[in-house]
Peer 1: 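I'd like to ask some things about the structure below.
Read the numbers this way: they start at 1 and go in the same order the structure lists the ligands and their atoms. Computed from heavy atoms alone, side chains included, the values below leave out hydrogens, waters and symmetry copies.
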Amino acid sequence: MIISITMNPSVDISYPMEEFTLDTVNRVKNVTKTAGGKGLNVARVLHQTKAEVLASGMIGGHLGEFIETELEKEGIQHHFFAINGQSRNCIAILHEKKQTEILEQGPVITEEEAEHFLKFFEQLIEQADLLTFSGSLPAGLSDDYYAKLIHLCNKKNKDVILDCSGKALQEVLSKKDKPLLIKPNKEELAALIGKPVQISVGELKNILSSSLFDDIEWVVVSMGKNGAFAKHRNTFYQVTIPKIGVINPVGSGDATIAGFAQSLANYQSDETILKHGNALGMLNAQEKITGRVNMQNYHNLVDQIKVTQV
Ligand code: ATP
């Protein structure tokens, strides 16, 4: 089983509007509310590929209950740790071809909750073949909290895919316990090394050879429509993808993580891992709804992806 962890999930509210005017009343008819968060997208995509997946993390209050109910409607198994605070709302106002987002910070986790979650997590991971950690940490948890979770996983020989950025990622890179795979996109990689990144084989090889990534078996740099570049131990791969009609690429990184998780949990070849992840990322980009993949188009896309050792 793959366990997908979302530490700060949300209720994602979408307000489509013809016009959005500041400093007055705006009315909206077609409101949609869905369970959101990067790890929940990972779980959704895994569920559609028929993988056995369990969604977990921290939730609280009636919005937390809403998240659980939505997952149940989709047939996704879940087991969350209940906190006292209220899970957050994230609002996207879609207006005049623009998207204005209002993202709540979410609950503040108490020290006691942080401690108790570690105990809950230690039990939870017994059932996992592999875990994915996606997205930011809620307030109250220290920046090294993912590092602590990875330490617990490594003690039990459980592989982890980590998809986060900023201080939480830097903390993990500075610690002895490492995840199996990280997937920074181009911007996240630039933030890590403190300068812009050029998409050239030479430069990417150079960057990924830095001691910053020592002991991380897989580093995959996802590059949207330009595919991906990967390092597996000392082997480098360029992943070239075909041009496709894109409808909404938000969440393509999460779909890619789902693909990597499924292939890695099944000990597939490097080429299959990279093709499967990219194909799911592309399928997500072809849909309006984030975390949706139409598996009928899967083989057509996979056949057009090229993985070249460079
Ligand atoms: P997000 O944060 O929205 O989940 P990300 O920035 O982490 O995304 P991307 O690099 O945008 O991840 O996308 C992951 C993968 O999805 C890419 O490597 C590629 O295979 C596919 N993909 C994303 N955008 C496109 C696109 N516009 N055209 C084709 N494939 C895409």
Side-chain angles (χ1 to χ4, degrees), residues 4-6 8-10 12 14 34 36-46 48-49 90 92 99 101 103 132-136 161-166 168-169 179 181-192 196-197 199 204 207-208 218-232 236-263 270-295 297-308:
S4 164
I5 302 286
T6 316
N8 200 4
S10 53
D12 287 352
S14 162
T34 53
K38 291 175 74 61
L40 298 192
N41 293 334
V42 173
R44 264 189 197 110
V45 172
L46 281 167
Q48 289 162 82
T49 62
C90 289
Q99 177 156 337
E101 295 191 19
L103 309 181
T132 62
F133 301 166
S134 302
S136 57
I161 295 182
L162 176 68
D163 185 17
C164 70
S165 54
L169 177 58
L181 183 148
I182 58 171
K183 187 212 70 63
N185 61 24
K186 220 182 112 198
E187 291 71 37
E188 288 161 350
L189 184 65
L192 266 183
V197 171
I199 306 183
L204 287 167
I207 295 171
L208 298 195
W218 278 94
V219 182
V220 184
V221 183
S222 70
M223 303 183 298
K225 66 177 170 28
N226 296 309
F229 189 87
K231 173 176 175 271
H232 181 208
F236 294 90
Y237 298 101
Q238 185 161 30
V239 184
T240 315
I241 62 174
K243 198 170 161 42
I244 53 165
V246 169
I247 296 186
N248 175 16
V250 174
S252 283
D254 306 330
T256 301
I257 292 290
F260 292 157
Q262 191 175 22
S263 286
D270 290 8
E271 186 179 339
T272 306
I273 292 166
L274 291 168
K275 282 189 175 179
H276 189 49
N278 277 268
L280 292 178
M282 290 164 75
L283 285 173
N284 175 80
Q286 289 182 312
E287 298 290 324
K288 192 169 155 216
I289 298 174
T290 301
R292 176 80 53 87
V293 288
N294 179 356
M295 293 306 284
N297 296 337
Y298 177 83
H299 288 291
N300 174 38
L301 284 188
V302 161
D303 292 346
Q304 297 179 65
I305 300 174
K306 286 199 176 61
V307 175
T308 321

Peer 1: Mind checking salt bridge (charged side-chain N to carboxylate O under 4.0 Å, His left out) for Lys183 and listing every partner two or more places apart, or none if nothing turns up?
Peer 2: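 With sequence neighbours excluded, Lys183 shows a salt bridge (charged side-chain N to carboxylate O under 4.0 Å, His left out) to no residue whatsoever.
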Peer 1: Any donor-acceptor pair under 3.5 Å linking the side chain of Gln286 with the backbone of Leu283?
Peer 2: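 Here the side-chain-to-backbone pair does not exist.
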Peer 1: Going by the salt bridge (Lys or Arg N to Asp or Glu O under 4.0 Å) test, which pairs reach into residues 273-283, not counting sequence neighbours?
Peer 2: Glu271-Lys275
Peer 1: Using salt bridge (charged side-chain N to carboxylate O under 4.0 Å, His left out) as the criterion, list what pairs up with Glu187, not counting sequence neighbours.
Peer 2: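 Partners of Glu187 under the salt bridge (charged side-chain N to carboxylate O under 4.0 Å, His left out) test: none.
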Peer 1: In terms of ring plane angle, is the pair Tyr298 and His276 parallel, tilted or perpendicular, where the classes change at 30° and 60°?
Peer 2: perpendicular
Peer 1: When Asp12 is tested against each of Pro9, Ser10, Ser14 for side chain to side chain contact (heavy atoms under 4.5 Å, CB included), which residue passes?
Peer 2: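 Passing option: Ser10.
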Peer 1: Applying a heavy-atom distance cut-off of 4.0 Å, which protein residues contact ligand 1?
Peer 2: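 Ligand 1 is contacted, at a heavy-atom distance under 4.0 Å, by Lys38, Lys183, Asn185, Ser222, Met223, Gly224, Lys225, Gly227, Ile241, Ile244, Val246, Pro249, Val250, Gly251, Ser252, Gly253, Asp254, Thr256, Asn278, Gly281, Met282.
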